[in-house]
Participant: 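Here's a structure for you.
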Amino acid sequence: MSFPLLTVTAALPAVGAIVTAAVPAARRTAAKWLALLFSLATLALAATVFVRFDPGGARYQLTESHTWIKDFGVRYELGVDGIGVALIALTALLIPFVILAGWHDADPLETQSKRWRPTQGFFALILMVEAMVILSFEATDVFLFYLVFEAMLIPMYFLIGGFGDRAHTGSDEHAAAQRSYAAVKFLLYNLVGGLIMLAAVIGLYVVAGNFSLTEIAAARASGELTMATNTERLLFLGFFFAFAVKAPLWPLHTWLPNAMGESTAPVAVLITAVVDKVGTFAMLRFCLGLFPEASKWATPVIIVLALVSIVYGALLAVGQRDIKRLIAYASISHFGFIILGIFAMTSQGQSGATLYMVNHGISTAALMLVAGFLISRRGSRLIADYGGVQKVAPVLAGTFLVGGLATLSLPGLAPFVSEFLVLVGTFARYPVAGIVATVGIVLAALYTLVLYQRTMTGPAKEEVRAMPDLRVRELVVVAPLVALLLFLGVFPKPLTDVVNPAVKHTMSDVQQKDPRPEVEAAK
């Protein structure tokens with residue numbers, strides 16, 4: 001039997017979580033280093049998956065399939081396509097930076113009991129989330145995917161509610177109440193979506209007789225499996241609702257600003273740059289792969305919702321006074337672009353959407369982590385409490401600017417390529433939607449540059465004059481992300497070569513071809 005590379009890649013961070021959690025309370029530093037080492041080992045395995053994947057080969061590669069619950073047709077079935085490979089690489093890449101950025105975020109306060117072990121739990125939960133996210137990108141059994149999709153809510157709930165941001169203006173009791181509210185809201189929204197998806201998963205089994213994505217797709221393509229129109233549409237809506245909550249798509253987005261605002265900056269990155277990508281990934285793999293006709297039926301409504309997300313999220317970002325909530329609303333706008341690209345039903349749009357998932361993860365991580373370093377120095381998330389930071393901390397201000405420019409998709413930085421492809425793909429089939437989406441670009445420039453102007457330029461406020469610049473550990477976190485933004489901005493080929501064949505398969509699933517450009521005949 002061949003080496004189970006996908007299983008080991010997902011299992012290693014889970015093992016790391018158990019080992020980290022078991023470290024004695026007095027050995028907090030050892031727990032941090034263990035978590036970092038396990039995350040780096042997982043990154044090495046993810047790099048191996050990326051290298052071994054053959055873009056010109058079969059659709060799903062490195063496959064594993066074992067009987068699990070025989071009576072119900074449930075199998076432990078794994079496989080990766082180009083989209084899954086890219087997102088596994090993104091996840092494994094970001095987790096070491098999340099751990100390094102949160103090196104001191106969970107250190108116990110003086111008021112806490114010596115028996116309290118928040119540090120070990122914090123890093124163990126991060127590794128457990130990594131394991132579940134990677135497995136969700138690998139699962140080709142629908143029931144297995146559902147279990148992981150729901151299980152990742154548990155560690156995320158404790159990361160939001162138990163390890164919240166220490167920069168707050170109210171009392172400790174008020175801060176704890178806000179964290180609890182954000183964590184419960186996150187859990188309830190996603191649980192409701194998951195329960196509706198569970199009904200759809202059961203319905204799919206009743207119709208298809210098994211949970212294997214590859215077998216169901218093959219049976220549908222060959223005509224051996226047919227679904228009544230109404231049945232397919234109902235099942236599609238059950239899956240899509242859960243993914244839209246996770247994504248998050250307007251109007252199911254309201255949990256995100258609370259969750260990101262009350263979390264530490266590394267956990268906020270984990271939410272929007274890693275976990276939320278499972279929702280948009282699943283739209284491509286499961287909604288379009290299993291329910292092609294229903295996907296086309298729902299496309300006009302979904303495009304409208306995506307456009308609302310783009311404009312609404314950007315408008316609310318413009319009016320924010322809280323740095324982290326501004327980034328959260330900006331992410332809602334960006335997820336609108338991703339979903340728009342998916343349902344534009346063009347190869348450029350879907351390639352751009354997949355690249356957007358990766359590039360948004362890197363750019364948001366860079367911006368949010370630098371914002372976290374800034375907030376930890378001043379002890380406030382309010383934009384009005386800053387000013388003139390670039391005079392006292394020029395490196396911090398410079399990296400913050402690069403992260404912001406990437407967020408507004410400046411040409412030469414990675415998100416520009418993906419946003420450009422999404423818009424090209426959208427204009428090709430839905431020109432009016434493409435025009436509306438460009439409003440989000442203008443608003444992104446507004447909220448990003450205003451944020452930089454109000455926090456970094458002008459005279460240095462008294463409270464920031466003694467602010468130190470980025471330290472070595474913080475530079476180790478930020479510098480590689482900035483380098484990646486520059487590299488993928490001018491040379492995205494390593495990603496497009498992997499992603500494009502998978503997009504062709506998805507386009508084939510929904511039986512769509514790119515619109516041919518209309519060219520007037522020469523007179």
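Residue indices begin at 1 and follow the sequence shown.
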Participant: Do Thr346 and Arg429 have side-chain atoms, one donor and one acceptor, less than 3.5 Å apart?
Facilitator: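 Result is no, nothing qualifies.
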
Participant: So, the side chain of Glu262 versus the backbone of Ala259: is there a donor-acceptor pair under 3.5 Å, distance only?
Facilitator: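 No; zero donor-acceptor contacts below 3.5 Å.
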
Participant: For Ala139 versus Leu78, what's the shortest heavy-atom pair and its separation?
Facilitator: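 Taking every non-hydrogen atom into account, CA-CD2, 3.9 Å.
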
Participant: With the side chain counted from C-beta on, respond yes when Phe137 and Val80 share a heavy-atom pair under 4.5 Å apart, and no when they do not.
Facilitator: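 With C-beta onward as the side chain, the pair stays apart.
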
Participant: Determine the sole option in Phe149, Trp68, Phe211 for which the side chain to side chain contact (heavy atoms under 4.5 Å, CB included) test with Leu144 is passed.
Facilitator: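 Result for side chain to side chain contact (heavy atoms under 4.5 Å, CB included) with Leu144: Trp68.
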
Participant: Checking side-chain polar atoms at under 3.5 Å, does Asn500 have a donor or acceptor matched by the opposite partner on Ser351?
Facilitator: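 Per modelled atom types, Asn500 and Ser351 side chains form a pair under 3.5 Å.
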
Participant: Please find the pair of heavy atoms, one from Gly161 and one from Arg179, that lie closest to each other, and give the distance.
Facilitator: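 Taking every non-hydrogen atom into account, O-NE, 3.7 Å.
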
Participant: From Leu153 CG over to Asn190 CG, what is the distance, rounded to the nearest 0.5 angstrom?
Facilitator: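 That separation rounds to 5.0 Å.
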
Participant: If you compare all heavy atoms of Ser263 against all heavy atoms of Ala268, which two are closest, and at what distance to 0.1 Å?
Facilitator: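 Heavy atoms only, the tightest pair is CB-N, 4.0 Å.
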
Participant: Checking Tyr76 against Thr7 for the side chain to side chain donor-acceptor pair (under 3.5 Å) test, could you report, in this order, the C-alpha distance in whole Å, the side-chain angles of both residues, the deciding distance, and whether it holds?
Facilitator: CA-CA 10 Å; Tyr76 177 78; Thr7 293; 2.7 Å; yes

Participant: Run the salt-bridge test on Asp509 and Lys504 with the 4.0 Å N-O cut-off and return the result as yes or no.
Facilitator: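 Answer for the salt bridge query: no.
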
Participant: So Phe53 and Leu62, side-chain contact (heavy atoms from CB on, under 4.5 Å) or not? Walk me through it.
Facilitator: CA-CA 8 Å; Phe53 183 81; Leu62 306 174; 5.5 Å; no

Participant: Whether the side chain of Lys246 engages the backbone of Asp276 through a donor-acceptor N/O pair (distance < 3.5 Å, no angle test) should be reported.
Facilitator: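 Not confirmed, Lys246 side chain does not pair with Asp276 backbone.
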
Participant: Under 6.0 Å between the ring centres of Phe72 and Tyr205?
Facilitator: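 Between Phe72 and Tyr205, the centre distance exceeds or equals 6.0 Å.
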
Participant: Quick check: closest heavy atoms across Gly372 and Ala265, and the distance to 0.1 Å?
Facilitator: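 Heavy-atom minimum between the residues: CA-CB, 3.6 Å.
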
Participant: Assign the ring pair Phe337 / Tyr356 to parallel, tilted or perpendicular, where the plane angle (0 to 90°) is split at 30° and 60°.
Facilitator: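 Plane angle under 30°, so parallel.
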
Participant: Look only at the side chain of Ser309 and the backbone of Trp250, and say whether a donor-acceptor pair between them is shorter than 3.5 Å.
Facilitator: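 At least one qualifying donor-acceptor pair exists.
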
Participant: So does Trp33 have more than 12 non-hydrogen atoms from other groups sitting under 6.0 Å from CH2?
Facilitator: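 No - once you tally the heavy atoms of other residues, nucleotides and ligands closer than 6.0 Å, there are 12 at most.
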
Participant: Is Val278 close to Phe243 at the side-chain level, that is, under 4.5 Å between some pair of heavy atoms?
Facilitator: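 No, side chains not in contact.
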
Participant: Side chains of Thr20 and Gln120 only: does a donor on one sit below 3.5 Å from an acceptor on the other?
Facilitator: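 Thr20 vs Gln120: no donor-acceptor pair found between side chains.
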
Participant: Working to the nearest 0.5 angstrom, can you tell me the gap between Ile99 CD1 and Phe38 CZ?
Facilitator: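 Nearest 0.5 Å value for the CD1-CZ distance: 11.0 Å.
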
Participant: Hey, does the side chain of Ser333 reach the backbone of Ile310 with a donor-acceptor pair shorter than 3.5 angstrom?
Facilitator: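 Pair found, side chain donor or acceptor close to backbone of Ile310.
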
Participant: Just verifying a value: how many Å separate Met345 CE and Phe343 CZ, rounded to the nearest 0.5 Å?
Facilitator: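 Rounded to the nearest 0.5 Å, the CE-CZ separation comes out at 5.5 Å.
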
Participant: More than 12 heavy atoms of other residues, nucleotides or ligands under 6.0 Å from NZ of Lys185: is that the case?
Facilitator: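 It does: Lys185 NZ has more than 12 such atoms within range.
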
Participant: Test your reading of the model: is there a side-chain donor-acceptor pair from Thr119 to the backbone of Ala106, 3.5 Å cut-off?
Facilitator: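 Confirmed, Thr119 side chain pairs with Ala106 backbone.
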
Participant: Please step through side chain to side chain donor-acceptor pair (under 3.5 Å) for the pair Thr272 and Thr364, ending with a clear verdict.
Facilitator: CA-CA 8 Å; Thr272 190; Thr364 300; 5.4 Å; no

Participant: If only atom types and distance count, is the side chain of Glu64 paired as donor or acceptor with the main-chain N or O of Leu6 below 3.5 Å?
Facilitator: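 Confirmed, Glu64 side chain pairs with Leu6 backbone.
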
Participant: Take Ile339 and Leu305, measure what side-chain contact (heavy atoms from CB on, under 4.5 Å) needs, and give me the verdict at the end.
Facilitator: CA-CA 9 Å; Ile339 296 170; Leu305 295 178; over 6 Å; no

Participant: Do His360 and Phe335 have ring centres separated by under 6.0 Å?
Facilitator: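 Ring centroids of His360 and Phe335 are less than 6.0 Å from each other.
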
Participant: Enter the distance from Leu270:CG to Met260:CE here, rounded to the nearest 0.5 Å.
Facilitator: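 Interatomic distance, Leu270 CG to Met260 CE, rounded to 0.5 Å: 11.0 Å.
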
Participant: Quick one: side chains of residues 225-242, donor-acceptor pairs under 3.5 Å with protein atoms, not counting sequence neighbours, listed by atom name and distance.
Facilitator:
| unit_1 | atom_1 | unit_2 | atom_2 | d |
| --- | --- | --- | --- | --- |
| Glu232 | OE1 | Arg220 | NH2 | 3.1 |
| Glu232 | OE2 | Glu293 | N | 3.0 |
| Glu232 | OE2 | Ala294 | N | 3.1 |

Participant: First locate atom CG of Leu34, then atom CZ of Arg27, and finally report the distance between them rounded to the nearest 0.5 Å.
Facilitator: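 If I round to the nearest 0.5 Å, the distance is 9.5 Å.
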
Participant: Give a yes or no answer on whether the side chain of His334 reaches the backbone of Thr407 with a donor-acceptor pair at less than 3.5 Å.
Facilitator: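 Indeed, once roles are kept as given, a pair shorter than 3.5 Å links the two residues.
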
Participant: Which atoms form the tightest heavy-atom contact between Ala46 and Thr9, and what is the distance?
Facilitator: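 The pair with the smallest heavy-atom distance is N-CG2, 4.3 Å.
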
Participant: Side chain of Trp255, backbone of Val245: donor and acceptor closer than 3.5 Å?
Facilitator: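 Looks like yes, one N/O pair under 3.5 Å.
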
Participant: Check step by step if side-chain contact (heavy atoms from CB on, under 4.5 Å) holds for Val274 and Val269.
Facilitator: CA-CA 7 Å; Val274 177; Val269 169; 5.5 Å; no

Participant: When you look at Leu87 and Leu90, which way does the side-chain contact (heavy atoms from CB on, under 4.5 Å) test go after all the steps?
Facilitator: CA-CA 5 Å; Leu87 293 175; Leu90 171 70; 4.2 Å; yes

Participant: Can you tell me if Thr67 uses its side chain to pair, donor with acceptor, with the backbone of Arg75 under 3.5 Å?
Facilitator: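 Side chain of Thr67 to backbone of Arg75: no pair is present.
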
Participant: Within the side chain of Asn359, is there an N or O that forms a donor-acceptor pair under 3.5 Å with the backbone of Ala414?
Facilitator: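 Indeed, once roles are kept as given, a pair shorter than 3.5 Å links the two residues.
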
Participant: Please find the pair of heavy atoms, one from Leu288 and one from Ser295, that lie closest to each other, and give the distance.
Facilitator: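 For Leu288 versus Ser295, the nearest heavy atoms are CA-OG, 3.6 Å.
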
Participant: Rounded to the nearest 0.5 Å, what separation is found between the CZ atom of Arg52 and the CG atom of Leu45?
Facilitator: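 It is 11.0 Å, given to the nearest 0.5 Å.
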
